[in-house]
Structures are given as structure tokens and as C-alpha cells.
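Notes to accompany the following structure.
Here the structure is a predicted model, which is why all the values come from computation and not from measurement.
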Amino acid sequence: DVLEEPSPGVPSPLLEVVTAGSPPGYLAYGPECPKPILQDCAPSPKPGDIHNPRYGQIIVDRYTELGMAAMIQLTDGLTNAEMDIFDLFPVFAASLDDDDDNDDEDDNDDDPDDDPFMVYVPLPNSTTPGGHCMDGSMAGYYIRVGTDPNLFVIQLKGGGSCTTQKECQKRANTHLGSSTTYATTKKKGDSFLSADCDVNPLFCNASAVHIPYCSGDAHMGTAAKSDESWGYYFEGHLNFKAITEHLISVNGLNDTNADMKVLLTGGSAGARGAFANVDGLQERLSLATVKAAPDAGWSEPSALADDLPSLFSPSSYTNFAAGEHGNDFYDLIQSGEELVDVWKTQEGNALSADCLERYVNETDNLWWACISMERAYQYIEAPIFNIHTLYDSLQIFNKGGAPEDIVDPLEADTTREYIDMYGKAVVLSLDKLLNNKTDIVKAHPDGLFAASCLTHGTAKDVTIEGGHNKIDIVGDWFFQLGELTEYHRQIEQCADTEDLQLPCNPAKKCQFKFPS
């Protein structure tokens, strides 16, 4: 974070080495400048600090001049936020993602290089309600207009979320909280957005819409900037509604066309957003056919009966290894604290009114129960094709705390048992979809593709029975072609390994490599 201060009237020598071939960059500063960062900045908390973000801004501006704004990020204010530079490493790593699929780290980057560009469309500054990224910059979307005027695929980008001030400070000045570095074009979309008819035969002619994720709220929030939200906007749900209106008014999403068909998809936090927003989209496009195909958004499963009450997710690895029951959220609620709805999800329709009526009353305020897609599912009216692995690596390792680098054989045994336990909880959870445990009467059964993989998201090369991947099966289900109906509802389970059910799909990265 120390760049040479240019002499007065002399361009910074570093500008000479910034070329069209320069690599992605991430600049992090302890001091903080007012926004936008100007060259007269006297940073806080020490105005004379030589680690001045204004020097980095020179580099950012040069990248922008070269049309490479999406390849450079600058985050300042670490000192005021009481953060260490390594707190930003996960965000830095995410910034190197190829942005290909739906935040699925295991997907194959096999979309063709000649896939037509998608063009970025920012929402107008006059947009209300909503329209903002976390930092107040305007949200927007990428679009490639298709040759079929009656078919749209809308994808919600994922990328985690934040519910504490410290977590949100890490995101706000990155592409996960701001649109200021978004490129004007995007070359590739995820599987269902591809214009390559060999890869994506049933949706390749659709108008493809990719909605970047800069709200930090799984596309579910309605919270304007306030002290309660630490000065950030959490307007993901409102942004989705505003983008829908913009697509209707400008880009051909016809709300009076009975022939219109829309697939809403997304990965990880984008998948949760697809679950939460599909009914609202159907209500707005009342004559159209609207369906959702979320991937890696069925979080989190209920704990097994011998673990924790069903309102809570499975125990953490630490508790499991100690022969105890509990996790951070369970312990919080048991301590008598209430979870604050920072995103104000209850004030929109991202959470079902029927679900809230069940869990919020004069004696209990369990609104958070409706955040779980397992419970929210039974109230969703639109057809759903749920793509979710039996062993979600994000839930098991990142949230559950299971070790990934194992040396001790005893720890390997415990990890196997934990993965087995978590997988069994997911299977029971998915049975609710498989057995149509919903009061909603739908035009046809919902779909399910649950591979026995230890991954967060399902890659395009993963198949279960019949050799068909998610793209083939979702397409057949969406259009009700009847050619792959027998594969519309699959949970992959393999023979026990030493009395344990462990990941067994043969696709790349699906199985966990334990030490021999």
C-alpha cells in the first residue's frame, strides 16, 4: 500500500507500467479518504500518513482509462474499521474468480470464447424504491438480447452475505458491495445463459440477463441506508424488482404476453435470491410462465432428531467432535438474544407472509425460520427445480468448521462421521421436496438434482442416472418435453463405506480426499 508520491506536475512513474496487459490488482489501505478519492486527500486517522489511498487511486484511474476498471479494486479505511489486511484475503481471492458460473467453484469453464458479449445497464439514478449497492452506487444488470422474444433467463449472482458491521465493511468497497468497478461488457454467463446451442440447447436463444451481486443480502433486503444498517444499503430485493421493471420498459420482458417464459436461476446467495424472488416475479408477469432453478441455495438443512431441534441446522464440527450439540446460531438463540433483521427482509415479500404468520406471533419472533429454504419452500407457488449437492462444502467446512487439511487419522475418522451426519440431514431435508410436502398445487411436480458431491454448487460435468447433466434435465423439466421425465427428481445415494454414507459421485472434485 505504499506507492511513490508523484512530483508536482509530473505523472506518476507507475503509470508507465500499467498497460492493457496488466494483471488484476487489489490495493488495500489502512488510512481512509472521503469518497470519491481525490488527490488532495488528507487521510483519517492520520492526515500525514504516507500510506495514502490517493496514490492507489492514480493506478485505479489508469486501469479505468484503459477500459479495465473491473480488474482493479481499492479498499481503504482498514484502520478505522479495526481490520487487518488479511481480513480482505477472501474478497481478494473472489475478485480473481472468472465469473463463469453461479459461484460454483467446481464448474467447468467451457463456454466458448466467441460467446456474444452481454452489455451492462445501470439502473437510473432516479430509481426508487431501491436501486442501490451497499455503498450507494447504483445497481444494474448485464443483458444479451436473444433471438427468441418470448424466452428470458435471469441469473442472480452469488457471493456470500454479511450480517455484522465488520463483515459488511469488508464487502462495501469491493465488487460485492459496489458497482463502481463493473465492466461495461461481460463475455460469459453461467450454464443457462450461454449462447452456445451445443452447450445450452434449449436456452441458447433466450435473452440472457445476469444480475451482479452488490447488496450483501442474498437479494432479499429492503433496508435503506441508516444507522441501524451501519450506513449501508441492503436493497437486493428492491433492486431485483427495479431491474424487472427496467427489463419490462426497455428490454422486451413483456408483462402482457401469455407466451412469455422466464427461468430465474442463480448460485449460492443468488440461488437463495431465486427462491425468494420467483413468486414476486410471477406476480408481476401474471400472464407469463415463470419457474426457478436455484443451485446451492437450499440452506441450511434441519438438524437430525438426535442432534438439535428442527428449527436449527446441524451441530458444528467442534461440538460434534466433542460429543456435544450446538452451533453459534443455536447458542445465540438459547442465550435469549434475538436476531436483528438488519436487511429488513420482513418488509418486502421476499419472505412469505404465510411463513411469517406461522413463526411470528405475540409470544415468539422467529422470523429467521423463514430464511431457511427448507421451510420457505412449502410456501413457494412457482415451480422449482432445486439443484443442490448432498454435501455442501460451504456449509460443512466454512460454516460447520470441519477441517479440510487433515493429518491426524483420528481427526479423519471424525470428519468422515461429520460429513456422513450432514449428508443424512440434507437427504431428510430434500425429502420434503421429493415428497411434495407443500400445500401449493402446481402445474407439474418440482424437480430435484442432488448429486453425491462434496462441493458448493453442481458442475456441468456432474451426472447422476442416465448420463444427463443439470442443463439437459432442467431444460426438459422447464419446457415439459417429456423426454427426461424419469430424471426430474433424483437424489444420488451410494453404498455405505464402513457404515457411513460419503460423497461418491465420480465427477471431478466431488469426493473428499482423506489422508491414507
Side-chain angles (χ1 to χ4, degrees), residues 1-19 22-66 68-96 125 132-139 162-182 214-216 223-235 342:
D1 64 357
V2 179
L3 297 177
E4 181 178 351
E5 181 175 6
S7 302
V10 178
S12 171
L14 288 172
L15 294 182
E16 298 177 3
V17 299
V18 178
T19 69
S22 293
Y26 197 107
L27 309 178
Y29 286 87
E32 184 171 10
C33 287
K35 306 300 181 296
I37 299 176
L38 304 176
Q39 289 306 300
D40 60 355
C41 168
S44 168
K46 297 180 179 179
D49 198 322
I50 63 169
H51 306 83
N52 195 320
R54 69 188 187 192
Y55 307 141
Q57 187 62 41
I58 295 173
I59 305 302
V60 172
D61 292 342
R62 178 59 175 162
Y63 268 75
T64 303
E65 289 173 5
L66 294 171
M68 301 160 54
M71 295 177 59
I72 188 78
Q73 293 185 52
L74 188 156
T75 298
D76 62 349
L78 272 65
T79 301
N80 291 336
E82 298 181 353
M83 293 166 57
D84 183 85
I85 190 170
F86 290 105
D87 290 332
L88 294 174
F89 187 78
V91 177
F92 166 69
S95 74
L96 301 179
N125 291 331
H132 300 99
C133 296
M134 288 178 63
D135 69 340
S137 58
M138 298 307 294
C162 67
T163 55
T164 69
Q165 184 174 10
K166 186 173 182 178
E167 289 174 345
C168 293
Q169 284 173 329
K170 296 178 185 179
R171 299 175 67 93
N173 293 328
T174 75
H175 69 289
L176 294 173
S178 174
S179 63
T180 56
T181 61
Y182 288 174
C214 64
S215 56
K225 176 181 178 180
S226 70
D227 291 340
E228 290 181 352
S229 64
W230 314 297
Y232 301 123
Y233 294 86
F234 299 108
E235 296 184 334
V342 177

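The CG atom of D76 sits 7.5 Å away from atom SG of C41, with the distance rounded to the nearest 0.5 Å. Between E32 atom CD and T75 atom OG1 the span is 11.0 Å, to the nearest 0.5 Å. For the atom pair CZ (R171) and OG (S178), the distance works out to 12.0 Å, reported to the nearest 0.5 Å. How far CH2 of W230 is from SG of C162: 6.5 Å, rounded to the nearest 0.5 Å. D135 CG to S215 OG: the interatomic distance, rounded to the nearest 0.5 Å, is 11.5 Å. The distance from atom OH of Y29 to atom CD1 of I37, rounded to the nearest 0.5 Å, is 8.5 Å.
Looking at C33 and N52, their side chains come closer than 4.5 Å, going by heavy atoms from C-beta outward. At least one side-chain heavy atom of Q39 sits less than 4.5 Å from a side-chain heavy atom of I58. M134 is listed as a side-chain neighbour of F234, based on a closest heavy-atom distance under 4.5 Å. Put simply, the side chain of M138 reaches to within 4.5 Å of the side chain of N125, judged on heavy atoms. Proximity of Y55 to L27: side-chain heavy atoms (C-beta onward) are nowhere separated by under 4.5 Å.
Judged by distance alone, with hydrogens and angles left aside, the side-chain atoms of Y63 form no donor-acceptor pair with the main-chain N or O of G25 at under 3.5 Å. Looking only at distances, a side-chain donor or acceptor of T164 sits under 3.5 Å from a matching main-chain atom of E167.
The two atoms that bring Y182 and H175 nearest to each other are OH-O, 3.0 Å, heavy atoms only. Counting all heavy atoms, side chain and backbone alike, H51 lies closest to P53 at O-CD, 3.6 Å.
Between S137 and T180, the side chains place no donor N or O within less than 3.5 Å of an acceptor N or O (distance only, hydrogens not considered).
The existence of a salt bridge linking E65 and R62 is confirmed by a sub-4.0 Å separation between a basic side-chain nitrogen and an acidic carboxylate oxygen.
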